[in-house]
Enquirer: 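My structure is below; once you've seen it, I'll send some questions.
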Amino acid sequence: MTRNQIEFYVRLYRTLLPVLSPRFQESYGSEMISLFRLRLSRVEERDGRLSTLFCASAGFLDLVRTGLVQRLTEKPENYRLPSQKGDSVFNRFSLNARLALRNMMRAPAFAATVLATLALGTGTTIAMFGLVDATLIRPLPYPNSERLVAIENIDAKSGPGAFAPPYIDDLRRRIHSLDRIVGFWPSWSHTLTGVGEPRRVTTAYVTDGLFDLLGVGTITGRTFLPDEYLRGANPVTVVSRRFWNRHFGPGVALNGQVIRLSDQPFTIVGIVERDFRLPNRDAQNAEIWLPFSANPYANVRTVPVMIVVGRLASGTQIQTANSELVGVAASLAADYPDTNKGHSLLAGSLHSFVTRSIERTMLILFGAVASLLLIVCANIANLLFARGSARQYELAVRRSLGATRRLILEQLFAEAFVIGLAGSLIGLLLVSWTVSSIPSLGLKGLPATADVRIDFRLCAFAALIPLTVTVIFGFLPALQLARRNQEAAVRRGPRTTGSGRRFRELLIVGEVALTMMLLVGAGLLARSFWKLSHVDPGFNPEAVLTIPISLPTTVYSTDEQRRQFFAEAVNRVRHLPGATKAAAVNRVPLSGANVLVPVEIEGNPERVTVDRRVSMSGYFDTLGVPVLEGRDFGPADGLAGERTAILNRTAVHRFFPDGRAVGKRLRLILRSGPGPWARVVGIVGDIRHHGLDQQIEPEVYVPYDQAAVESMVLLVRTNIGIDGVAQAARGVIWGFDRNLPLDNMRPLHSLLEASLEEPWSRMLFLNGFAVFALLLAGIGLYGVVSYSVTERRRDIGIRLALGARPGHVLRLIVMQGLLLAAAGIVIGLSASAAMSRMLTELLFGITPMDLTTLVGVTAILTCICAIASYVPARCAIHFDPVDVLRAD
Amino acid sequence: MGRTDVHQFLPLTALAFEVLLAVAEGGRNGYEIMIAVEERTKGAFSPNPGTLYRVLDRLLNEGLIAATDNETSNREGRRLYRLSKLGVQVLEAEARRLEDQVKAARSRQVLKRT
């Protein structure tokens with residue numbers, strides 16, 4: 001047994017021996033083996049088997065180190081070309097690789113082009129693959145995540161939505177195919193006081209069982225106890241580590257610390273694990289978690305503020321759950337007809353619930369990057385193929401001097417391998433650098449759970465692409481050579497054949513076609529973005545400062561107090577130096593905050609739904625929204641007089657087809673029931689509240705004096721710049737109440753910009769790829785044309801010698817390039833048309849077959865191709881016929 | 001060989017010095033060298049085959065040792081290595097250099113005289 005063990009080690013040692021240079025191996029190989037064997041036997045006798053293993057391992061390491069050191073320090077006279085006899089595969093490969101490195105050094109321009117193309121191509125592909133992997137492929141970071149489902153409450157009229165909190169109990173009672181049902185709301189704004197300056201913070205509400213279901217633990221402390229989820233329980237909270245460190249300090253122990261949220265005390269009972277995110281796109285900023293019972297709408301059946309997630313009972317399919325949900329929806333509609341009539345329930349995998357908003361974008365971008373990679377491959381293939389063809393002569397000479405086909409194949413393989421490896425390494429470096437500095441690569445709208453990171457699979461992906469490409473295309477010329485008569489190749493000299501040229505031309509056509517597709521996509525997104533950014537938002541966002549203020553109800557408990565505060569605040573801010581106008585509204589445009597309420601119009605029993613906003617006198621004037629008919633709110637619209645309301649134009653069009661709305665009455669159906677009748681006193685222009693690309697919804701404005709809510713946003717128009725007025729406004733408001741958080745003050749136009757961020761980043765990504773593709777296609781075409789020009793030097797030289805006009809020759813060559821480009825453009829256009837449906841969803845204001853875009857990108861691509869063909873053609877007509885002919 | 005030639009090889013690495021010492025007593029094969037080095041250094045040095053043969057290769061190239069050719073190698077087919085004339089001189093010069101250093105250490109009370 002021990003003998004066998006030693007023999008096994010010795011055999012391994014012998015296998016490793018080729019790491020030594022052939023000379024060294026030849027001189028000392030057998031002695032080293034016998035010394036290794038004797039040494040092992042001695043250790044085995046003296047110290048036993050384990051020590052033998054250590055000794056053998058040390059011997060292996062020593063051998064490898066010796067090989068490396070000795071190969072690096074070997075003197076140059078020991079270099080030689082590999083020959084098949086006597087050299088191991090490893091050794092031949094290492095010699096070939098060194099030869100390849102030297103060849104690359106000798107043609108630095110070629111090496112740099114190939115490496116840069118490969119590195120950028122693989123870099124972008126890996127980065128994009130990393131994003132797709134993080135968002136679409138990798139399972140959600142929760143235990144048993146494949147069994148988690150999201151239940152959606154689908155209104156036949158307005159589509160999928162959330163649930164009102166009390167429904168969770170109904171769902172838990174009625175659904176049996178899910179063994180756990182939990183609910184949460186990912187983002188709820190509160191004013192944080194009690195630690196540092198007051199500020200707005202994002203909190204999340206969770207029901208019992210959620211932490212358990214999503215496998216969330218705490219670093220210190222605990223999550224909520226069952227009792228703490230009940231109404232009236234001690235108010236408690238758990239916070240993120242980041243929050244804890246920022247407000248209490250990293251080393252501070254958890255000891256019943258209390259924070260105040262909207263002036264209510266909450267005791268911190270635990271700090272949750274790092275990186276925990278609720279399964280929702282809006283969960284990114286939540287750093288404080290509260291029991292759902294603390295939510296102001298916890299018991300309200302009309303306000304949908306709960307996302308419901310469940311876990312399929314073991315062995316249950318999602319279809320079973322869905323068929324059960326049909327019955328549940330019917331029973332809910334029967335029990336709560338006011339809120340649930342016309343609603344259906346649908347369970348879908350939590351993964352797709354989280355990722356669906358970004359799925360289309362990701363797939364399109366991944367498609368784009370895959371096309372880019374194909375273009376990179378085609379370009380690399382072209383470059384390698386051109387080089388390979390140019391070396392046919394050299395290879396043919398080698399063969400005729402006795403090199404076997406296998407040796408030549410090995411040489412080309414090693415060269416391709418070295419190039420591919422270097423390209424992938426540089427690409428990987430680029431990616432690891434970008435991913436560590438900007439994980440989402442600047443792409444907006446990723447789900448909160450997405451965690452982009454470089455892992456083993458990414459590295460493997462990174463290594464595989466360039467290696468495959470270079471190895472395949474580095475090889476082709478060699479295979480071609482093997483088929484051909486070398487004698488002819490030697491006699492013909494360094495020139496290529498028809499089949500090589502045709503192959504490269506095909507590559508170029510493909511490359512141009514792919515580039516065309518990318519350009520069409522990028523062009524459409526760019527034009528769509530241009531249209532979007534030129535949409536009239538309905539208000540003038542320039543030079544307006546927004547100051548969100550939330551009055552704590554514990555301090556400002558009566559409507560009168562709140563009214564007084566805001567009236568005084570607006571008045572004081574309006575008179576600040578530099579302020580020209582000021583007003584307040586409860587929801588500013590494009591802030592993503594909207595409240596839908598049912599409305600009853602006098603004389604029409606059917607209720608309609610509108611967006612309700614509370615505004616103060618001067619709001620429309622401050623924002624530059626035209627009052628189309630009637631008037632703005634004024635001092636008369638107080639509690640003493642008649643209730644009043646203002647409608648936007650869309651509401652008038654929709655609910656008063658005759659256009660006569662002023663003077664009519666309507667009433668809002670509030671939480672407490674139908675409100676008093678209010679008379680319409682004015683009609684104002686439409687504002688794009690929901691987003692520039694979203695439909696305008698009917699809106700009703702009510703005067704602040706008649707609906708004193710606690711949260712309002714002060715708006716100040718200024719003529720001295722936002723910063724100038726912001727400082728003064730802060731002073732004024734803190735003069736009233738030092739405890740109000742004012743950290744969310746920002747210019748109104750930043751909301752407009754924020755709403756454009758996602759389409760902007762999408763457009764930027766695709767356009768980046770397209771420009772890169774355009775560049776590559778240009779280089780590729782340039783390569784093909786200039787190569788064919790060099791190849792036809794003789795032909796061109798003779799033509800010129802026989803009196804052909806240079807202009808004619810120039811046209812001939814440019815036409816050759818343009819013909820290839822035209823073929824590619826036509827194919828690319830038809831492919832884009834076939835794939836245009838993919839893009840429809842992301843476009844705004846144009847169709848996927850937008851003529852301007854198509855004509856524009858065709859022109860751009862044609863221009864680039866014309867330049868790429870013109871430059872080598874210019875060189876060709878400057879050939880001196882005498883030189884060319886003499887060279888032959 | 002002149003004095004200057006000898007000095008260009010100095011200082012020797014610790015292992016090279018040990019190897020030269022080991023072959024100073026007569027022709028030895030690799031295994032015997034390894035054992036000799038191990039014994040003299042009381043196990044402090046136990047060169048692995050790769051390291052040992054890299055040193056032997058260098059010493060051979062520099063002409064400090066000579067190897068028997070394959071025909072006259074010992075019965076296990078292993079060559080014997082022995083000191084060359086140059087090797088003797090280099091070994092002696094290195095020993096003197098070390099002795100000088102040791103003397104210097106003693107005179108500064110770094111080493112107590114035994």
Side-chain angles (χ1 to χ4, degrees), chain A residues 6-7 9-47 51-78 90, chain B residues 8-9 12-16 18-20 22-23 26-82 84:
Chain A
I6 289 176
E7 279 315 308
Y9 294 144
V10 169
R11 209 170 308 136
L12 212 59
Y13 197 81
R14 185 176 287 130
T15 319
L16 282 174
L17 224 47
V19 298
L20 302 169
S21 73
R23 180 194 65 80
F24 200 89
Q25 203 182 328
E26 199 176 304
S27 307
Y28 309 108
S30 61
E31 284 185 54
M32 285 171 71
I33 291 169
S34 101
L35 178 55
F36 182 69
R37 181 185 282 118
L38 287 168
R39 196 177 151 84
L40 287 187
S41 312
R42 209 160 71 101
V43 171
E44 204 275 327
E45 251 167 52
R46 207 175 49 195
D47 305 319
S51 301
T52 318
L53 173 67
F54 288 133
C55 182
S57 312
F60 297 143
L61 285 178
D62 171 71
L63 177 62
V64 172
R65 201 186 55 198
T66 306
L68 288 177
V69 172
Q70 178 257 334
R71 273 176 187 276
L72 284 174
T73 53
E74 191 103 303
K75 283 181 191 143
E77 54 260 33
N78 291 329
F90 180 84
Chain B
Q8 78 185 15
F9 297 103
L12 293 173
T13 63
L15 183 59
E18 290 296 341
V19 169
L20 290 183
V23 296
R28 281 186 164 165
N29 64 32
Y31 181 66
E32 289 163 343
I33 296 172
M34 186 190 81
I35 299 289
V37 170
E38 254 184 41
E39 281 175 355
R40 207 217 57 75
T41 60
K42 300 188 179 65
F45 259 138
S46 175
N48 269 301
T51 310
L52 179 64
Y53 277 95
R54 202 151 54 80
V55 170
L56 285 174
D57 183 50
R58 190 161 53 80
L59 294 176
L60 270 173
N61 280 340
E62 289 171 349
L64 303 189
I65 57 173
T68 55
D69 50 30
N70 278 335
E71 285 77 46
T72 53
S73 53
N74 68 358
R75 59 195 151 77
E76 279 119 9
R78 289 195 297 265
R79 284 179 294 183
L80 298 177
Y81 300 90
R82 54 182 174 71
S84 66

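Protein chains get the first letters and strands the later ones, always in sequence-line order, with residue 1 at the start of each.
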Enquirer: Test side-chain contact (heavy atoms from CB on, under 4.5 Å) on A/L63 and A/L20 and set out the steps.
Expert: CA-CA 8 Å; A/L63 177 62; A/L20 302 169; 3.9 Å; yes
Enquirer: So which residues of residues 44-53 of chain B are in contact with chain A at a heavy-atom cut-off of under 4.5 Å?
Expert: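 Those residues of residues 44-53 of chain B which have a heavy atom under 4.5 Å from chain A are B/S46, B/P47, B/N48, B/P49, B/G50, B/T51, B/L52, B/Y53.
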Enquirer: Give a yes or no on whether the backbone of A/R42 and the side-chain of A/E45 come within a donor-acceptor separation of less than 3.5 Å.
Expert: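 Between the backbone of A/R42 and the side chain of A/E45 there is no qualifying donor-acceptor contact (under 3.5 Å).
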Enquirer: Of the listed residues (A/I33, A/T66, A/D62), which shares the most heavy-atom pairs with chain B below a 4.5 Å separation?
Expert: A/D62
Enquirer: With heavy-atom distances below 4.5 Å as the criterion, would you say the side chains of A/F36 and A/L17 are in contact?
Expert: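 Contact flag for A/F36/A/L17 side chains = no.
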Enquirer: I'd like to know whether A/R23 forms a salt bridge (Lys or Arg N to Asp or Glu O under 4.0 Å) with B/D57, so could you lay out the CA-CA distance, the side-chain angles of the two residues, the decisive distance to 0.1 Å, and finally the verdict.
Expert: CA-CA 11 Å; A/R23 180 194 65 80; B/D57 183 50; 3.1 Å; yes
Enquirer: Output all residues satisfying ring pair (Phe, Tyr, Trp, His ring centres under 6.0 Å) with A/Y9, sequence neighbours left out; order by chain, then residue number.
Expert: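 Testing A/Y9 for ring pair (Phe, Tyr, Trp, His ring centres under 6.0 Å), a comparison that skips the adjacent residues, returns none.
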Enquirer: Picking from A/E7, A/E31, A/E44, what satisfies salt bridge (Lys or Arg N to Asp or Glu O under 4.0 Å) with A/R37?
Expert: A/E7
